[in-house]
Amino acid sequence: MNREELIGYEIYLQSFYDTNGDGIGDINGVTKKLDYIKSLGVNLLWITPFFSSPLKDNGYDVSNYYKINPIFGNMKDFDNLIREAKKRNIIIMIDLVFNHTSTEHKWFLEAKKGNKKYQNYYFFKKNLNNKPPTNWISKFGGSAWKYIPKIDKWYLHLFGENQADLNWENPNVREEIFEVVKFWMKKGVKGFRFDVINLISKPKKFLNSKSNDGKEFYTNGKNLHKYLKELNKRTFGKDKNIITIGETSSATIKDSTKISSPQEKELSMVFSFHHLKVDYANHQKWTLPDMRLEELKKILGNWTEKITSSGGWLSNFFSNHDQPRHVSRFGSNNKYHFESATAIFGTYLLLKGTPFIYNGEELGIKNIQRKSIDNFNDIETRNVSTYLQNRFKSSTKLLKILNYYSRDNARTFMFWDDKKINNGFSSGIPWFNLTEQELKMTHSVKQQENNKDSILNFYKKLIKFRMETNQIKYGSILFQNTNDSIISYERFDDNIIYRIVVNWSEKKINFKFNKNNIIVNNYKNIFNNYLLPYQFLIFKYEK
Ligand code: TEU
Ligand code: CA
């Protein structure tokens, strides 16, 4: 399938569907719901990591790349999933985490014992003056180095201390990684997401950082493109049907274009995150949100136009398992819930690129509210909160910030049937606790399937429209200069123009248009001189 024709969907495995009553979503749960996924119009299914793991970061800490964690199922279940997905023309995309391994991976266990060969699989540095080798900060808070007294050395971990960074400079490490990819290719996997892939190239010398976090030394490092080319050539590059996505936070337009341009032979596309930092105050995630819509418009326009016109390709999305639920973040939880959920979806679905839906957003699932700091589940939120506690005098403010950004928001389970226990997610006790009130916050799949005016049915209708419309799949894109809270762009070829107009606010906005050109609208009534709150419109014009 071509990149233009793909509709992606991300499944957070432990929260999707539990088939054996242990409270944890599993591989068989995905297989059971393939018809649902198909009914949405999805043909590319990304499943978060299911490999052996101590689950300190919910599977992004892999201890064996060749084995399936028994809580998610076994190899037979996986083979069955691949087979059933294939019958429905759905590509399964697995999530490979190669920037780091779990500290329980056998390579790390060897290294920890003093084995030089395996120490060279990671970044181990001699202890000089009982201080970390550099001042770099882990993305989950605290120093990026951890000391092991027994061998008197420090190792690098850009994420949690149980996630040790792999040394891609070591050719043996790259060989090991290629073997893993080939193993899953042999199993018939046709899609790979590469976790934080633009962090893999580390510097030769480890120096102190002026900005104090070290990002400048390892983000889009010197050998990134070289390694991606090698990975491509040695593994998936041999199969034209394989789709690959790089998760590349903080990549530049230039690097993203290069990574995703077919002639460069690196990856098929990238996930960029700049548009999801538009509410960070002072470029800091853990602050009270300060939404800048102008910046969002600029980034969406700039990135999509520049990258796609130079041959590169983006995966477009507003939610994933690391982000707050977008309807709560950028839209409305109450009065305009339907309107804002459909408006945000329409904004990104019709962009040039491959759209990615995050499980539950098609129901309009909302953020949750933890009542106390101790109630958070996610490792990032927990770590970060310990470092933030001294910065905030009031714990109410800190709790507000944590509730806004915490990854727990994204990890709530799917609502299949509100008549059933745990909304049909599991017959047991879910790994993720929701209050009675939270269980009622959004209608389930079953209820929305039976309501033609639901968010879910709007998703289906719009996906169908995208799939049937060449100008949206293959056409050009041009953002419009709009003031106020309107996001608008055109998708066109030589004959037809579609103009997408979205009101990203709760205000009515003066805006004149011809009703006869409207082909999609998320309201029943239309006034031709203003846009209603979160109104989403598609106009069609013949050239
Ligand atoms: O995410 C990388 C990443 O950039 C986010 O975790 C980000 O650092 C965080 O949300 C910023 O505040 C990937 C995975 O998607 C994530 O789930 C993993 O925890 C992380 O890598 C480490 O593997
Ligand atoms: Ca289970």
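Quick caveat, the model's predicted, so the values are computed rather than measured. Start at 1 and go down the list; that is how both ligands and their atoms are numbered. Atom set for the values below is all heavy atoms of this structure, side chains included, hydrogens, waters and symmetry mates excluded. For this chain, numbers begin at 1 and follow the sequence in order.
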Requested in this report: For E169 and K202, run salt bridge (Lys or Arg N to Asp or Glu O under 4.0 Å): C-alpha distance rounded to whole Å, both residues' side-chain angles, the deciding distance at 0.1 Å, then the answer.
Outcome: CA-CA 8 Å; E169 313 297 307; K202 310 291 195 293; over 6 Å; no
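- Protein contacts to the Ca ion (ligand 2) involving N, O or S atoms at a distance below 3.0 Å are D18 OD1, N20 OD1, D22 OD1, I24 O, D26 OD2.
- With sequence neighbours excluded, no residue forms a salt bridge (Lys or Arg N to Asp or Glu O under 4.0 Å) with D255.
- Salt bridge absent: K298 and E294 never bring a charged side-chain N and a carboxylate O closer than 4.0 Å.
- Taking the ring axis of Y17 as reference, the NZ or CZ atom of K33 stays within 45° of it and closer than 6.0 Å to the ring centre.
- For S272, the side-chain contact (heavy atoms from CB on, under 4.5 Å) partners at least two apart in sequence or on another chain are H274, W303, L314.
- A donor-acceptor pair is defined here as one N or O able to donate and one able to accept, closer than 3.5 Å; no such pair exists between the side chain of R325 and the backbone of N367.
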Evaluate side-chain contact (heavy atoms from CB on, under 4.5 Å) for W286 paired with Y405, printing each intermediate quantity in order. CA-CA 7 Å; W286 301 98; Y405 280 117; 3.6 Å; yes
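- Taking 4.0 Å as the cut-off between side-chain N and carboxylate O, K277 and E295 do not count as a salt-bridged pair.
- Residues with a heavy atom under 4.0 Å from ligand 1: D57, Y60, H100, F140, F159, Q163, R193, D195, V196, E247, K285, H321, D322, E380, R407, R411.
- In terms of heavy-atom proximity, S63 sits nearest to S53 at OG-N, 3.4 Å.
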